[in-house]
Amino acid sequence: MYERMQTKYYDEIFRYCYHHVGSREMAEDLCQDTFLCFLEHRSDYQSRGKLKNYLYTIARNKCIDHYKKAVPIYMDEIPEQIEENRFESSAEIADLVGKLPEKLKEVIICILEICVLRKELSNDRVGNKQYFEKV
């Protein structure tokens, strides 16, 4: 039964995981974890609904758990040397960012916007700490 189920649903579950994590290796791991989790808890499965939907639910939870385990990067932890101007132009940065996967590109663009805003606030007297304490 397990081999038939895996043969039937593996590709769909793999594509689902790949769509969410963007890494072939991680998607394979999450897909395998999905089927292993089903095997470990098959006694909990009640065939009231479709097995495929149950597998998608497990895969969804595995993807969520994957992102929960990811270590966040805080702006305070970024070394000062990154803030130095190591690139010739903003066009070079835009070219590098353009080559990133879509989700990572969105994150980098947000970080760059925050850095620009932070710099503008620190250079502007409105960004003065005393101003915010008065408001």
Side-chain angles (χ1 to χ4, degrees):
M1 177 192 154
Y2 174 75
E3 291 164 359
R4 259 189 337 188
M5 175 190 64
Q6 189 172 14
T7 302
K8 185 173 181 178
Y9 297 115
Y10 186 88
D11 289 341
E12 289 181 60
I13 299 299
F14 170 79
R15 282 192 301 271
Y16 177 84
C17 293
Y18 183 76
H19 173 76
H20 286 283
V21 297
S23 161
R24 182 173 186 79
E25 295 81 17
M26 184 52 62
E28 288 173 355
D29 289 347
L30 292 171
C31 190
Q32 287 298 321
D33 287 349
T34 298
F35 287 100
L36 288 173
C37 183
F38 175 78
L39 275 179
E40 291 171 0
H41 301 284
R42 65 182 173 261
S43 61
D44 297 340
Y45 174 68
Q46 299 170 356
S47 58
R48 289 183 288 183
K50 291 185 175 183
L51 174 61
K52 180 175 155 180
N53 294 343
Y54 190 68
L55 291 171
Y56 271 107
T57 300
I58 295 171
R60 176 184 170 272
N61 290 335
K62 293 293 178 184
C63 290
I64 290 170
D65 290 346
H66 165 73
Y67 282 110
K68 283 182 182 177
K69 292 176 186 175
V71 178
I73 299 173
Y74 298 102
M75 294 299 289
D76 300 356
E77 297 173 1
I78 297 176
E80 291 296 321
Q81 64 190 15
I82 291 177
E83 293 181 18
E84 294 175 8
N85 189 4
R86 298 185 307 168
F87 299 100
E88 294 295 320
S89 67
S90 59
E92 185 180 357
I93 295 172
D95 183 51
L96 292 171
V97 170
K99 294 176 182 176
L100 295 171
E102 198 59 38
K103 287 186 179 186
L104 185 56
K105 188 187 311 182
E106 291 175 23
V107 171
I108 296 299
I109 289 170
C110 287
I111 290 172
L112 290 173
E113 288 173 354
I114 289 169
C115 289
V116 168
L117 180 62
R118 182 190 257 180
K119 190 170 186 174
E120 287 173 359
L121 287 175
S122 67
N123 291 336
D124 188 4
R125 61 187 164 154
V126 175
N128 187 327
K129 189 175 184 178
Q130 295 171 348
Y131 173 82
F132 289 110
E133 289 174 356
K134 290 178 186 175
V135 176

(message) Just so I know, are the side chains of Arg24 and Phe14 near enough to count as touching, which here means a heavy-atom distance under 4.5 Å?
(response) yes
(request) Report the distance from atom CD of Glu12 to atom SG of Cys17, rounding to the nearest 0.5 Å. (result) 12.0 Å
(request) Group every Ile, Leu, Val, Met, Phe, Trp and Tyr by side-chain heavy-atom contacts under 4.5 Å, then state whether Tyr10 and Leu51 land in the same group. (result) yes
(request) Compare all side-chain heavy atoms of Gln6 with those of Gln32 and state whether any distance is below 4.5 angstrom. (result) yes
(message) Working to the nearest 0.5 angstrom, can you tell me the gap between Ile13 CD1 and Lys62 NZ?
(response) 13.0 Å
(message) Quick check: do Tyr56 and Thr34 have side-chain heavy atoms less than 4.5 Å from each other?
(response) no
(message) Once side-chain hydrogen bond (donor to acceptor under 3.5 Å, both in side chains) is applied, do any residues pair with Glu106, and if so which ones, sequence neighbours excluded?
(response) none
(request) To the nearest 0.5 Å, tell me how far Cys37 SG sits from Leu30 CG. (result) 11.5 Å
(message) Tell me if a side-chain donor or acceptor on Tyr67 pairs with a main-chain N or O of His20 at a distance below 3.5 Å.
(response) yes
(request) Please assess Phe35 against Met5 for the test side chain to side chain contact (heavy atoms under 4.5 Å, CB included), listing each intermediate value before the final yes or no. (result) CA-CA 9 Å; Phe35 287 100; Met5 175 190 64; 3.8 Å; yes
(request) Following the transitive rule for hydrophobic clusters with a side-chain heavy-atom cut-off under 4.5 Å over Ile, Leu, Val, Met, Phe, Trp and Tyr, establish whether Leu104 and Met26 coincide in one cluster. (result) no
(message) Heavy-atom count check: over 12 atoms from other residues, nucleotides or ligands less than 6.0 Å from Lys8 NZ?
(response) no
(message) With rounding to the nearest 0.5 angstrom, report the SG to OH distance, Cys31 to Tyr16.
(response) 12.0 Å
(message) Contact between Lys103 and Val107 at the side-chain level, heavy atoms closer than 4.5 Å - yes or no?
(response) no
(message) To the nearest 0.5 Å, what is the distance between CG on Asn53 and CZ on Arg60?
(response) 13.0 Å
(request) To the nearest 0.5 Å, tell me how far Ile58 CD1 sits from Cys63 SG. (result) 12.0 Å
(request) Flag yes if Tyr54 and Ile64 sit in one hydrophobic cluster, no otherwise; membership is Ile, Leu, Val, Met, Phe, Trp, Tyr, and two members link when side-chain heavy atoms are under 4.5 Å apart. (result) no
